[in-house]
There are 4 protein chains.
Amino acid sequence: MRPEPRGEDDKRGGRTGRPRDEAVQRALIGAATDLLRERGYRALSMEGVAARAGVAKQSVYRRWPSKGALLVDIYMEGMGEESLPAASGHGVIADFRAYLGQTVERLKDVAWANTLRSLVAEAQNDPDLAALMVERVVEPRRQAGRHIVAQAIAAGELSPDFDVETVLDFVFGAIWYRLLLGHAAVTTEFVERMLRQLFPAPVLPRRTKG
Amino acid sequence: MRPEPRGEDDKRGGRTGRPRDEAVQRALIGAATDLLRERGYRALSMEGVAARAGVAKQSVYRRWPSKGALLVDIYMEGMGEESLPAASGHGVIADFRAYLGQTVERLKDVAWANTLRSLVAEAQNDPDLAALMVERVVEPRRQAGRHIVAQAIAAGELSPDFDVETVLDFVFGAIWYRLLLGHAAVTTEFVERMLRQLFPAPVLPRRTKG
Amino acid sequence: MRPEPRGEDDKRGGRTGRPRDEAVQRALIGAATDLLRERGYRALSMEGVAARAGVAKQSVYRRWPSKGALLVDIYMEGMGEESLPAASGHGVIADFRAYLGQTVERLKDVAWANTLRSLVAEAQNDPDLAALMVERVVEPRRQAGRHIVAQAIAAGELSPDFDVETVLDFVFGAIWYRLLLGHAAVTTEFVERMLRQLFPAPVLPRRTKG
Amino acid sequence: MRPEPRGEDDKRGGRTGRPRDEAVQRALIGAATDLLRERGYRALSMEGVAARAGVAKQSVYRRWPSKGALLVDIYMEGMGEESLPAASGHGVIADFRAYLGQTVERLKDVAWANTLRSLVAEAQNDPDLAALMVERVVEPRRQAGRHIVAQAIAAGELSPDFDVETVLDFVFGAIWYRLLLGHAAVTTEFVERMLRQLFPAPVLPRRTKG
DNA sequence: CCGTAAACGAGACGGTACGTCCTGTCTTCTA
DNA sequence: TAGAAGACAGGACGTACCGTCTCGTTTACGG
């Protein structure tokens, strides 16, 4: 008796036919995560994921056109909703420490690290994925960083012409660099060194930049 | 990347049989470079390179055990010998500008950019390649950076406890980050912004460089 | 091929629920015929027929459990009711000529020829279909042939021990043989040659075989 | 030291590279034959044959572009070299009896019967296969029949205007018809009936059929 | 006129097979 | 030995259909 489209939290925006099975979705993401954890990116094939999840291959392709798209969803799953960080009241350094510390923490999970490494590898093949990744992975994290800096500027902690974009390129660049090239580990101690380099001790009464 | 370390200046340490054909080597590296330029990493298969070079597949495997090893050789080929930069006499900023500028310049070549992107992608699958890449690609460039900083410290331009390693993570990290994720281009202007962030204007009456 | 034998002249033997839509039936048979005509047996998939008819796949399976069953119905549709031929009064040869001529005529329609070819192909996989085909396709045609021969025997044109079954194997065999193997066309001229071979001119004293 | 192409019974007409492995060939044909015998045409997939033979799928496609081409080779294998039958000295009927009897004999082997049925089914999809089949399967058998008739004509047993082609359509048509439609078995007794129909007893003065 | 029950469109689902591409190894012949 | 050629086992790709199954909606009929 309800001719109108449907309720607002409707999962199936006017779609007809049998709905996607949530269990299949979960099984697939679970299988993919397991494979990434146990055997790495190399072992992550669409075929293998389907087999491990006990699901038809078509059910994978129905959801994700490519391995990369699947990886983005695994990323989103593990990331939860990105929300802008509230001001801690302990200053910009503390805010950044929390912000980057969270990333470092997550990277301790092999599956998570492999997910990110795989995403980058896959994106080198696939411009669409690269774009998607910027939108879903890169930008949200940067946005949080911009928010922290904006709060600090408002609080008079940082100069209004603080070059956020470059600083974000520095910190995320450094983290990705270590993650992907592996010349050094991504640790909490590393975060501290980055923070010291970016926000040198005020030293004298006078501070760095007026 | 030679399959077996031969004697120093001896090209064929006592080996018997027909010598390797230099032309084959050149044809292969040329074919691989062309494929990277024209069709990207995705199209770079051992099979495809051999076919394009008009060479037997075995002749590829005889030289490089894997795609990654081939990529490293393409890198070395395009890079030439890495040599430590001489002091320019124009200060650390100028030295860094030249140093990073060279990298940015090279990246304008699509084939070159694709080579680096491919190397990283490949290394995510292949720990041996990752290690080799650190040794041949990452470290030599960092070493040059360390050299510049050491000269600047000796000249009294920088404090002896300047954190070179973190700064190098910043600059190379940022460049790789932009190259691999593609959220922004790697330009000369970007190098300038990095330099300004790392070496802020002295602020006081006296100007930076004596 | 109805899924369940309903009451005699009752279209919906006591059933409740929404009745089958005749238009769907027609659309399906039309779509299947078109596909057979235009793209042959290979393109005849249950999925494709449904799609072409703009009908749900389930609506196909509701009517026919298999491709073969559908083909039998297409055959029946195109064949109409098989009725025993009346004596023409022009003799057994004329009767046979009309009888086989009708078959040859129909085979000029590509869709029809493809229907028969498809039926045979499908029956090689499906014993049930083979049996059904004998019942609905093979036997009715043979029955008509037997009838003609019986009339001829009654009229004294043929000997009572004329071997109808073998003759029917000859004529239908030859037609199917040419249709399926394609080494020669099924033409009216071919019918004439068959008739001449089966019913040699009574000739004069001298006969074929010395 | 032999620059010229190679000996005349050379299996590899100037081909270079690793030669095809005979064992692979045998394994494949064996596997296909077994599948046809045990599970019929329906179970005959390129994939399944490869798996059963313990061979890579590519090794199947390297030899045969399609299931049909494989079937033709299985046919050839089982058929051996078709040679024109020598005159038996017992007359045309005896010759035909031997000739058709051989076919009937072979059809007692399920694998063989399934091979022929599959070939016809497959040919309905594939015009190239149909042509190949006429060339390799249909025509050689007909040729043998023509030869028998030619001998009989030479011996004065048959009239020079005996319509061989139609007779061959009759006998092979009837055999295929029974094989494919299955309304009756292909037996030696059936061959006798065909022979009686084609070559009625020479008749003495008195009545048509002995 | 209201409930039951089937038909209908849509499309998800577990499967099987398709035909192609690539990997890394091998075998053969020729230089 | 190198090199051209190409076979080989194996694995994954992405697609097409199979026959079955849920959905939400529509259409008869029988109470």
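Not measured: the values here are computed from a predicted model. Lettering follows sequence order; numbering is per chain, from 1.
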Reported [atom1]-to-[atom2] distance for the pair [X] and [Y], which is rounded to 0.5 angstrom:
{"X": "B/Arg62", "Y": "B/Lys57", "atom1": "CZ", "atom2": "NZ", "answer": "13.0 Å"}
{"X": "A/Ile74", "Y": "A/Ser118", "atom1": "CD1", "atom2": "OG", "answer": "8.0 Å"}
{"X": "A/Leu116", "Y": "A/Tyr75", "atom1": "CG", "atom2": "OH", "answer": "6.5 Å"}
{"X": "A/Leu35", "Y": "A/Arg52", "atom1": "CG", "atom2": "CZ", "answer": "5.0 Å"}

5'-most contact on DNA chain F (nearest-nucleotide basis), D/Ala56 vs B/Val55, goes to B/Val55
Grab the [atom1]-[atom2] distance between [X] and [N] for me, whole Å please.
{"X": "C/Leu70", "N": "F/dG19", "atom1": "CG", "atom2": "C1'", "value": "15 Å"}
{"X": "C/Asp21", "N": "E/dG9", "atom1": "CG", "atom2": "P", "value": "7 Å"}
{"X": "D/Glu22", "N": "E/dT27", "atom1": "CD", "atom2": "C1'", "value": "15 Å"}
{"X": "C/Asn125", "N": "F/dG19", "atom1": "CG", "atom2": "P", "value": "11 Å"}
{"X": "D/Trp64", "N": "F/dA7", "atom1": "CH2", "atom2": "C1'", "value": "14 Å"}
{"X": "A/Gln25", "N": "E/dG14", "atom1": "CD", "atom2": "P", "value": "12 Å"}

It should be established whether A/Ser59 places a side-chain nitrogen or oxygen under 4.0 Å from OP1 or OP2 of nucleotide E/dG14. yes
So does C/Arg63 get a side-chain nitrogen or oxygen closer than 4.0 Å to the phosphate oxygens (OP1/OP2) of E/dC8? yes
Mind running side chain to side chain contact (heavy atoms under 4.5 Å, CB included) on A/Leu71 and A/Leu44 for me, showing each step along the way? CA-CA 10 Å; A/Leu71 285 165; A/Leu44 192 80; 3.9 Å; yes
Looking at E/dT28, E/dA7, F/dA5, which one has an atom nearest to any side-chain atom of C/Arg62?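 Comparing E/dT28, E/dA7, F/dA5 against the side chain of C/Arg62, the answer is E/dA7.
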Nucleotide-resolved protein contact map, nucleotides 12-18 of chain F, B/S/- at heavy-atom distance under 4.0 Å: SBBB-SB
Could you tell me whether the side chain of C/Arg18 has a donor or acceptor atom within less than 3.5 Å of a complementary atom in the base of E/dA6?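 No.
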Keeping C/Ser59 on the side-chain end and C/Val55 on the backbone end, is there a donor-acceptor pair under 3.5 Å?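 Flag not set: sc C/Ser59 to bb C/Val55 has no pair under 3.5 Å.
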Report all side-chain donor-acceptor pairs from residues 120-127 of chain D shorter than 3.5 Å, counting only partners two or more places apart or in another chain.
| residue | atom | partner | partner atom | Å |
| --- | --- | --- | --- | --- |
| D/Glu122 | OE1 | D/Tyr41 | OH | 2.2 |
| D/Gln124 | OE1 | C/Arg117 | NE | 3.3 |
| D/Gln124 | NE2 | C/Leu180 | O | 3.1 |
| D/Gln124 | NE2 | D/Val120 | O | 2.9 |
| D/Asn125 | OD1 | C/Arg42 | N | 3.4 |
| D/Asp126 | OD1 | D/Asp128 | N | 3.1 |
| D/Asp126 | OD1 | D/Leu129 | N | 3.1 |

